[in-house]
Amino acid sequence: MSLPTWQDRAAARVAEPGEGISRDELALAARNHAMPAEALRWDVTPVGLHYVLVHYDIPAVDAATWRLRVDGGAGSVVDLSLADLEAMPRSTERVTLECAGNGRALLEPRPVSQPWLTGAVGTADWTGVRLVDLLDRVDLRPDAVDVVFRGADHGTERGEEQDYARALPLDEARRPDVLVATEMNGVPLPVQHGFPARLVVPGWYGMAHVKWLTGIEVLDHTFDGFQHRAYRLRQHADDQGVPVTRMLPRALIQPPGYPDFMTRERNLPAGPVRLTGRAWSGRGEVTRVEVSTDDGTTWREAELGPSAGPHAWRSFGIDWDAAPGDHRLRARAGDDTGAVQPLEPAWSRGGFANNGDDAVPVHVHLMPRG
Ligand SMILES: Nc1nc2c(c(=O)[nH]1)N[C@H]1C(S)=C(S)[C@@H](COP(=O)(O)O)O[C@H]1N2
Ligand SMILES: [Mo]
């Protein structure tokens, strides 16, 4: 099948050397906002500052008529209203969520898509019903393999028309911390985050956390929807690749001092300063963060804050005696599986799961400026 030119133009590709960010990419970047780096100061990202990614349009969902259909594949189906869902036992998980494409625009060559720097991350307290409790309300087919989650949003992507949909293997879906969430930080889900209900899969990259849920269905085979064929780590167009699943370790520094409007580079008075930040991993507990103030030439071990649970980022801090001059701050995290954040990000055609860091340029000067 050959695509119409307007879709062909948007097909997954890699930018030519020196090719700038296009109007299409700017339009995506303006819709899908990052978390401002200064929001790293909070354990829980305030609603509105959490990053947002929406593939198509935010759908119009009427809470009064909304239904969630759960189909176990063995003939039994439950059809729940929002009030039905809210009447079930509820639990809360603190979860750091990161888009699989976070850092994509820093890659060389640059995959053409939502051009994230490193801000596609946030942490929220998600409250809702455990998915396993919903699955327990229907008869599961004995040959169950995958559980598919469908969203109310609709669009085309590389020529394929679809409702956004993703699946989980049955054993992941039955994990007790996987939620169908109806609240974020104690308020009803904001519309851009999936009102009235979304899936939350602690530890996994963002694409698995299906928003605007309408249906949950148990399948006797592996789901092969577009969003599974797209989210794979591939080196070239014919590479089959491997699926994108859990978040790799990553650390971000909260930029010290004050910024320049245009460059966002930092100004800082000389002298002792505490550098802080947050680090996360979807594979294990963060056990180590190292910080460099000389662009990665030398590294020092940071102090870790208390663990905030298995799925939320962990704070770190280190004292620095800032000498006058120009410096580049970097951080790298490691987790208890032994995985360590690389100094050079791993490249893939989609720019997924590239857990590189981004240096924070700081100009240290002798006198505080007025
Ligand atoms: N229905 C639906 N769910 C979705 C998406 C979407 O476009 N539609 N985007 C996914 C992606 S790629 C990410 S990174 C997260 C973003 O969640 P947030 O906007 O709440 O931060 O939602 C995921 N769930
Ligand atoms: Mo994403």
Side-chain angles (χ1 to χ4, degrees), residues 11-22 25 28-29 32-35 37 40 51-53 55 96-123 157 166 201 203-209 227-237 239-253 277-284 286 288-292 295-296 299 313 328-335 337-361:
R13 67 179 188 87
V14 172
E16 299 298 329
E19 179 184 328
I21 288 181
S22 65
E25 289 171 287
L28 283 174
N32 295 310
H33 66 78
M35 180 192 73
L40 286 164
Y51 88 97
V52 171
L53 192 118
H55 281 235
T96 297
L97 187 61
E98 183 188 17
C99 178
N102 196 21
R104 176 186 288 127
L106 298 168
L107 295 176
E108 194 57 58
R110 185 173 62 80
V112 174
S113 184
Q114 164 71 29
W116 292 122
L117 298 172
T118 52
V121 65
T123 297
E157 212 162 328
R166 281 280 309 190
V201 190
W204 285 55
Y205 280 113
M207 73 284 153
H209 304 231
Q227 302 300 339
H228 285 260
R229 283 174 277 128
Y231 281 95
R232 297 180 75 91
L233 301 172
R234 289 192 180 88
Q235 289 304 307
H236 51 84
D239 183 1
Q240 257 224 305
V242 295
V244 179
T245 58
R246 290 172 170 272
M247 300 182 293
L248 294 172
R250 196 175 228 163
L252 287 180
I253 292 174
R278 310 251 172 202
W280 65 94
S281 167
R283 309 204 165 218
V286 169
R288 164 164 219 205
V289 174
E290 292 169 286
V291 171
S292 172
D295 203 16
W299 295 87
W313 57 24
R328 289 171 66 82
L329 311 182
R330 299 181 62 181
R332 64 178 182 195
D335 68 26
T337 70
V340 177
Q341 197 178 334
L343 297 181
E344 288 293 325
W347 190 90
S348 68
R349 271 183 66 85
F352 299 130
N354 71 88
N355 56 331
D357 70 326
D358 189 14
V360 179

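Quick caveat, the model's predicted, so the values are computed rather than measured. In what follows, residues are counted from 1 in the order of the sequence shown.
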Problem set entry | Distance-minimising heavy-atom pair for Tyr231 and Arg166 | CB-NH1, 3.7 Å
Exercise. Who pairs with Trp280 by ring-ring contact (aromatic ring centres under 6.0 Å, His included), at least two apart in sequence or on another chain?
Worked result: none
For this session: Without swapping roles, check the side chain of Arg250 against the backbone of Gly356 for a donor-acceptor pair under 3.5 Å.
Result: yes
Problem set entry | Over all atoms of both residues, closest heavy-atom pair of Gly351 and Leu107 | CA-CD1, 3.5 Å
Exercise. Which heavy atom in Leu117 sits nearest to a heavy atom in Ala105, and how many Å separate them?
Worked result: CD2-CB, 4.3 Å
Exercise. When rounded to the nearest 0.5 angstrom, what is the spacing between CG in Leu28 and CH2 in Trp116?
Worked result: 9.5 Å
Exercise. When rounded to the nearest 0.5 angstrom, what is the spacing between CE in Met35 and CG in Leu97?
Worked result: 11.5 Å
Problem set entry | Heavy-atom closest contact (Thr245 atom, Met207 atom, distance) | O-CE, 3.9 Å
For this session: Measure the NE2-CZ distance between His236 and Arg349 for me, rounded to the nearest 0.5 Å.
Result: 9.5 Å
Exercise. With no hydrogens and no angle check, is any side-chain donor or acceptor of Gln341 less than 3.5 Å from a backbone partner on Ala333?
Worked result: yes
Seminar exercise, completed: Interatomic distance, CG@Leu343 vs CZ@Arg332, rounded to 0.5 Å, equals 5.0 Å
Seminar exercise, completed: Smallest heavy-atom separation, Ala100 atom then Val244 atom, equals CB-CG1, 3.9 Å
Exercise. Do Leu252 and Arg278 touch side chain to side chain, with heavy atoms closer than 4.5 Å?
Worked result: no
Problem set entry | Arg104 side chain vs Pro111 backbone, donor-acceptor pair below 3.5 Å | no
Problem set entry | CA sep, side-chain torsions, deciding dist, call: Arg283, Leu248, side chain to side chain contact (heavy atoms under 4.5 Å, CB included) | CA-CA 7 Å; Arg283 309 204 165 218; Leu248 294 172; 3.4 Å; yes
For this session: Without swapping roles, check the side chain of Asn355 against the backbone of Pro249 for a donor-acceptor pair under 3.5 Å.
Result: yes
For this session: For the pair Thr96 (side chain) and Trp313 (backbone), establish whether a donor and an acceptor sit closer than 3.5 Å, ignoring hydrogens and angles.
Result: yes
Problem set entry | Main-chain N/O of Pro243 paired to His228 side chain as donor or acceptor, under 3.5 Å | no
Exercise. Near Gln235 CD, under 6.0 Å, is it more than 12 heavy atoms from other residues, nucleotides or ligands?
Worked result: yes
Exercise. What distance do His33 atom NE2 and Leu53 atom CG have between them, rounded to the nearest 0.5 Å?
Worked result: 10.5 Å
For this session: Mind checking side chain to side chain donor-acceptor pair (under 3.5 Å) for Tyr51 and listing every partner two or more places apart, or none if nothing turns up?
Result: none
For this session: Enter the distance from Cys99:SG to Phe352:CZ here, rounded to the nearest 0.5 Å.
Result: 8.0 Å
Exercise. With sequence neighbours left out, what residues match Thr118 under side chain to side chain donor-acceptor pair (under 3.5 Å)?
Worked result: none
Exercise. Heavy atoms, side chains only, cut-off 4.5 Å: are Asn354 and Glu344 in contact?
Worked result: no
Exercise. Within the distance-only criterion (no hydrogens, no angle test), does the side chain of Arg232 pair as donor or acceptor with the backbone N or O of Gly241 below 3.5 angstrom?
Worked result: yes
Exercise. Any side-chain heavy atom of Trp347 sitting closer than 4.5 Å to one from Glu108?
Worked result: no
Problem set entry | Arg110/Glu25 ion pair, N-O < 4.0 Å | yes
Exercise. How close do Val14 and Pro109 get, heavy atom to heavy atom, and via which atoms?
Worked result: CG1-CB, 3.4 Å
Exercise. Is the count of non-hydrogen atoms from other residues, nucleotides or ligands lying under 6.0 Å from Arg288 atom CZ greater than 12?
Worked result: no
